Amino acid sequence: MRAAPQASSSHTKLSLDEEWIDAVLQGVEITDSPRQLVVRLDDRRVCLTVVGAGRSEEAWSRYSEAAARRAAATGDRLKPLLATGRTDDCFYVAYDVSDAQPLSPQLERGPLSGPACLQLLHGIGRGLDQAAAAGFYPAELTPESVFVDPSRGALLADLGVAREALGTPAHADRHAAWVAPEVLKGERAVERSAVYSLGALMYTLLTGLPPNEGSPDEIIAADPPSLRAQRPDLPEALEVVVSTALARDPRRRYRTASEARSLTNLLLQGDLVPPSASQPLQRNAPAARRGAQAAALIRRTPEALQGPKRGGSEVASRGRQAQIEAAPRPTTRRGLELALAGGAIALGALAGILLGGGSDEAPAPKTFARGGLQVRLPADWKGTAPAAGALAAHPAEDPGSGLSLELVDAPIERAEQGTPVRLGRLEAWREPGADVAGARAAVRYVIPTESGKLVATCRADSPAAAATLEACERVASTLRLRSATGLPIAAVVAQQDRWQSEVTLLDTERAAARRNLARAERPAGQRLAAEALERLHVRAAVRFESMPGGQAVAAAARQTAASYRALARAADGESSLQFNAAREQIRRSEASLRQAIAEG
């Protein structure tokens, strides 16, 4: 048996290759359970994950595919993948972790406080979102997957690539406690598998313990652990969030890790929970009753997120009567997103974050309107207009905290679409734990408008009072637009879907037509292929011109059609100079078209 090296072990080599891997693994026991080592390569620190998967070509194929998907997942919270490969003893994958330190030693000292957990969840959640955007869902998210950078916070390294090579896990699998039951059974990880891993990691952050112990078979059969049995000081509603994320049946979990993280963020930020339209949380209710109401509300959340089968009103009616025991209905990804956009807002489950007003004894709020925006400010808040189409407000004694509003003439990006909410009379996407320079905690809302979007940011400075962020969101809920018109979220999602559909159609038609052009060897065939490309670009221009914001794409498509028309004419001639000039014109026009689509 080999003894594991210390994290400070030094194996210096110019490149990470099989010889270097063999040197690192001298004295290390290789088993069919994934193992992580932190070692040094030249001036870099490397996280090396190894698994003894033998010489099975099927395992190597699964491993290679998972490694390729992980390599394609990039972002500021995902550590770059340096190398993957295999030796006689193992498969390996390596990540550059730079100055970041492993999270595991911190957890050995005990559980984290709510604020410390919240800071880590911000980075972990962003990393999971970035991985999901690339279609990669972690097979395992363990404390060893997380590294903490002193300036950037939580970063993610290995997310279960080595596990893809395992098939059936070993009896003594040290990471099994953080792996979804279906993955332990040998199934491929999906988005709800990542939800389970996040729930297991949240449990560990808050208790310092693994969520389950025992063999993989015992973990598969185990019920979700009790969070409050270890931490009775935590809100009852948080127990429900974690146990829902850890449900054995994937259909009973939250649909995405972002949903589970958003609820956890809300609860850790001062017991703030989303009120139900039918069961509002009273500000003056006893704490125990508020906790029970919150737990009952959040327990219904997975059903509310299942998505509409037919009309929104029918879904809302069924959602209010749903119980946790009801079997969830499978839906498509698009249906779930539309449910979040429409059905969830109607239900008021995740969407209805309308925070209650202040104490009856507080002075009456005052109206503040500038730059086409209007809010109601508490008596002790000040408002300013820093620029046209912008408004800022903050507590008089705390200028580093407060609310900022900015109208932006730009489309809403997919990455900006967080949890759908109703902000006063407007619909918005909410991002808890937003990354705002200098803020201890922040929440960002993105509100779709006819001219682009309105970005509303609530922030609390480091010395801010505990309730500052909650007070800021109450101010934001009074927002009114005076020089812009808000749009329904569902309309924006539908418009984005149509845009993406048109882009996909154009790409598909162009690929087929360009293959025909490349295969054409005679002038007549080249002319016919160029004319076909001209026609499809003309049709695309008509389609994009009918869409909001599609005018630039339509103009670029017409320009590209004209360049293919010039190529068709040159194909019938005898001048190679004209033919080459037309090809250069096509190259420039297609570059303009790609840029217009990307900016649209």
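A quick note: this is a predicted structure, and the numbers were derived from the prediction, not measured.
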Could you walk me through whether Glu140 and Val183 pass the side chain to side chain contact (heavy atoms under 4.5 Å, CB included) test, one step at a time? CA-CA 9 Å; Glu140 60 181 38; Val183 178; over 6 Å; no
Side-chain touch Val538/Arg535, heavy atoms, less than 4.5 angstrom = no
What is the ring orientation for Phe544 with Trp499, classed by angle as parallel under 30°, tilted 30 to 60°, or perpendicular over 60°? perpendicular
So the salt bridge (Lys or Arg N to Asp or Glu O under 4.0 Å) pairs with at least one residue in residues 124-134 (sequence neighbours excluded) are Asp76-Arg126, Arg126-Asp435, Asp129-Arg261
dist Tyr445:OH -> Arg430:CZ (nearest 0.5 Å) comes out at 4.5 Å
Taken to the nearest 0.5 Å, the spacing of Arg252 CZ from Arg248 CZ works out to 11.0 Å
When you look at CZ of Arg514, are more than 12 heavy atoms from neighbouring residues, nucleotides or ligands closer to it than 6.0 Å?
-> no
Check your understanding: Would you say the side chain of Leu593 lies within less than 4.5 Å of the side chain of Leu506, judging by non-hydrogen atoms?
Key -> yes
N/O donor-acceptor pair under 3.5 Å between Ser563 side chain and Thr560 backbone: yes
Applying side chain to side chain donor-acceptor pair (under 3.5 Å) to Ser193 and not counting sequence neighbours gives Glu182
Next on the checklist: Taking the side chain as everything from C-beta on, heavy atoms only, tell me whether Arg588 gets closer than 4.5 Å to Gln559.
Outcome noted: no
request  = Please answer whether the main-chain N or O of Thr256 pairs with a side-chain N or O of Glu191 as donor and acceptor at a distance below 3.5 Å.
outcome  = no
*asked:* Any non-hydrogen side-chain atom of Leu533 less than 4.5 Å from a side-chain atom of Asn516?
replied: no
Nearest heavy-atom contact between Leu517 and Tyr564 is CD2-CE2, 4.1 Å
Salt bridge Glu590-Arg510, side-chain N to carboxylate O under 4.0 Å:
yes
Counting only heavy atoms not in Glu584, do more than 12 sit closer than 6.0 Å to its CD atom?
-> yes
- Starting from the C-alpha separation in whole Å, work towards a yes-or-no answer on side chain to side chain contact (heavy atoms under 4.5 Å, CB included) for Val542 and Arg539. CA-CA 5 Å; Val542 173; Arg539 291 195 301 269; 5.8 Å; no
Exercise. Can you find a heavy atom in the side chain of Pro250 that is under 4.5 Å from one in the side chain of Val190?
Worked result: no
| said: Any non-hydrogen side-chain atom of Phe91 less than 4.5 Å from a side-chain atom of Val50? | reply: no
**Prompt:** Any side-chain heavy-atom pair from Phe147 and Cys47 closer than 4.5 angstrom?
**Reply:** yes
* I would like to know whether Ser145 and Thr142 meet side-chain hydrogen bond (donor to acceptor under 3.5 Å, both in side chains); could you show each step before the answer? => CA-CA 5 Å; Ser145 306; Thr142 73; 3.3 Å; yes
So CG of Leu141 and OH of Tyr196: to nearest 0.5 Å the spacing works out to 12.5 Å
Self-check item: Backbone N/O of Arg253 and side chain of Arg192: donor-acceptor pair under 3.5 Å
Solution: yes
Rounded to the nearest 0.5 Å, the CD atom of Glu427 sits from the CD1 atom of Ile447 at a distance of 11.0 Å
- Query: Got Leu481 and Leu426 here, is their nearest side-chain heavy-atom distance under 4.5 Å?
  - Reply: yes
Report the C-alpha separation of Arg587 and Arg583 in whole Å, then their side-chain angles, then the decisive distance to 0.1 Å, and conclude whether the side chain to side chain contact (heavy atoms under 4.5 Å, CB included) test is met.
CA-CA 6 Å; Arg587 187 189 64 78; Arg583 291 178 60 184; over 6 Å; no
Heavy-atom nearest pair, Val46 first then Ala94, reads CG1-CB, 3.7 Å
Heavy-atom closest pair (Ala428 atom, Leu423 atom, distance to 0.1 Å) is CB-CB, 4.5 Å
field: Evaluation steps, side chain to side chain contact (heavy atoms under 4.5 Å, CB included), between Val455 and Arg444
entry: CA-CA 7 Å; Val455 179; Arg444 182 177 290 114; 4.0 Å; yes
dist Thr449:OG1 -> Leu454:CG (nearest 0.5 Å) comes out at 7.0 Å
Scanning both residues in full, the closest heavy-atom pair of Ala257 with Val195 reads N-CG2, 3.4 Å
Note to self: Can you confirm whether the side chains of Ser589 and Ser592 place a donor and an acceptor under 3.5 Å from each other?
What the structure shows: no
Taken in chain and number order and not counting sequence neighbours, the residues that satisfy salt bridge (charged side-chain N to carboxylate O under 4.0 Å, His left out) with Arg594 are none
Note: Ala566 and Gln585 closest approach over all heavy atoms is CB-OE1, 3.9 Å
Here the gap from His537 atom NE2 to Ile586 atom CD1, rounded to the nearest 0.5 Å, amounts to 9.0 Å
I'd like to know if Arg558 and Glu545 make a salt bridge, using a cut-off of under 4.0 Å between side-chain N and carboxylate O.
yes
Which of Asp96, Asp149, Leu155 passes side-chain contact (heavy atoms from CB on, under 4.5 Å) with Lys79? Answer is Leu155
Any donor-acceptor pair under 3.5 Å linking the side-chain atoms of Glu144 with those of His175? yes
What one should report as the nearest heavy-atom pair of Ala176 and Pro216 is CB-CG, 4.3 Å
